[in-house]
Amino acid sequence: MTIEAISSKSIEDILKVTIGSLVSSFQSNIKQIALNRILEFQIAEYKRNFYTKTLIHKDPIPLSDFYVPLHLIEERFFFQKRKRINTDSAKALFSKNNYITIIGNAGSGKSTIVKHLLCKSIEESYLTPVKIELRYLNEYSGTIYEYIFTEIFKFNVLGIDEKQINKLLDSGKLVFFFDGYDEINQKNKNTITNQIDGFVKRYPKNKYLITSRPHTNIDALPLFKNYLVCELEPDEIELFINKQLPTDERELADKVIEATK
């Protein structure tokens with residue numbers, strides 16, 4: 001998706017279809033209000049995740065300008081080097097599993113995968129994405145349900161009352177991205193883990209994805225299938241380096257590529 005596409009009506013038109021399905025059961029007198037509010041929120045979320053900074057780019061640039069789709073492998077097959085799973089499509093990734101955990105070391109690209117999949121879920125007119133950065137729960141006194149209800153749905157006026165918000169949450173037409181499980185304080189971890197598990201059980205028809213570093217016990221969540229972030233293959237490393245550096249730095253890119261061989 002290009003910069004021009006974002007500034008055009010295309011994303012808005014795609015979202016109207018997805019959100020129209022999400023609010024289809026609402027009464028006619030509030031359906032348009034809900035559609036408009038969720039549409040506004042989703043456009044903002046799309047832009048917030050599509051435009052991003054990197055270590056090299058201090059000003060936000062389109063994700064597509066530097067992102068190389070990463071691959072995953074089921075944790076149980078890691079040492080067998082079984083087939084890698086592409087993350088280019090949110091719809092394809094969730095086609096077999098509703099509950100996914102992505103585990104990777106620091107700098108492996110987990111949060112960037114989340115940004116990419118959130119944007120793809122919109123571009124593919126798949127589901128309505130909701131992103132929760134779990135580090136914010138460290139200073140939050142309520143439950144994760146209260147955080148999602150109050151700080152996301154109520155704050156952004158995505159529903160008029162609790163009944164309407166619960167109807168959205170129970171629709172099965174949302175995909176939740178819980179990013180940064182490893183950033184939860186140790187003293188809060190058991191409580192928040194139990195709350196995540198309870199939230200998923202309360203609204204089981206939606207899709208869920210959680211990211212974490214290894215050795216945080218996130219892989220113990222009963223409903224989730226665990227995937228590990230794969231290292232880049234040689235051809236992917238070359239593509240990655242070329243996309244990080246501007247075209248007028250081709251000589252530097254070639255040197256960096258040569259140094260990785």
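This one's a predicted model, so the numbers in the text were calculated from it and none came from an experiment.
- No option in Thr101, Thr216, Asn217, Thr193 other than Thr193 meets the side-chain hydrogen bond (donor to acceptor under 3.5 Å, both in side chains) test with Tyr181.
- For the pair Ile132 and Phe177, the minimum side-chain heavy-atom distance is 4.5 Å or more.
- In this structure a side-chain-to-backbone donor-acceptor pair under 3.5 Å is present from Asp161 to Gln164.
- Contact of the Thr128 side chain with the Lys173 side chain is not registered, since no non-hydrogen atoms from C-beta on lie closer than 4.5 Å.
- Residue pairs meeting the ring pair (Phe, Tyr, Trp, His ring centres under 6.0 Å) criterion with at least one member in residues 148-170, sequence neighbours excluded, are Tyr145-Phe149.
- For Lys154, the NZ atom sits in a loose shell: 12 or fewer heavy atoms of surrounding residues, nucleotides or ligands are nearer than 6.0 Å.
- No side-chain heavy atom of Tyr46 sits under 4.5 Å from any side-chain heavy atom of Ile43.
- Annotation: the span from Gln195 atom CD to Thr143 atom OG1 amounts to 5.5 Å, rounded to 0.5 Å.
- In this structure, Phe176 has its ring center under 6.0 Å from that of Phe199.
- The OG atom of Ser24 sits 12.5 Å away from the CD1 atom of Ile19 when rounded to the nearest 0.5 Å.
- Rounding to the nearest 0.5 Å places CG of Leu72 at 5.5 Å from CD1 of Ile113.
- For Arg213, the CZ atom is loosely surrounded, since the number of other residues' heavy atoms within 6.0 Å does not exceed 12.
- Panel note: side chain Glu133, backbone Asp179; no donor-acceptor pair is recorded below 3.5 Å.
- Of the possible polar contacts, one joining the Arg37 side chain to the Asn156 backbone as a donor-acceptor pair under 3.5 Å is found.
- Side-chain atoms of Lys201 and Asp197, non-hydrogen and from C-beta on, do get closer than 4.5 Å to each other.
- Taking the charged nitrogens against the carboxylate oxygens, Lys131 and Glu45 have no contact shorter than 4.0 Å, which rules out a salt bridge.
- Residues Glu183 and Leu134 fail the side-chain proximity criterion, which asks for heavy atoms closer than 4.5 Å.
- Under the ring pair (Phe, Tyr, Trp, His ring centres under 6.0 Å) criterion, the residue pairs touching residues 83-103 are Tyr99-Tyr208, Tyr99-Phe224, with sequence neighbours excluded.
- Judged by distance alone, with hydrogens and angles left aside, the side-chain atoms of Asn166 form a donor-acceptor pair with the main-chain N or O of Glu162 at under 3.5 Å.
- With hydrogens and angles disregarded, no donor-acceptor distance shorter than 3.5 Å links the side chain of Lys91 to the backbone of Glu124.
- Screening residues 112-135 for ring pair (Phe, Tyr, Trp, His ring centres under 6.0 Å), with sequence neighbours left out, gives Tyr67-His116.
- Put simply, the side chain of Asn86 never gets that close to the backbone of His71: no donor and acceptor are under 3.5 Å apart.
- Ser121 places a side-chain N or O within donor-acceptor distance of the main-chain N or O of Leu118, the cut-off being under 3.5 Å.
- Between Val23 and Ile38, the closest side-chain pair of non-hydrogen atoms falls below 4.5 Å.
- To the nearest 0.5 Å, atom NZ of residue Lys120 and atom CG of residue Leu63 are 10.0 Å apart.
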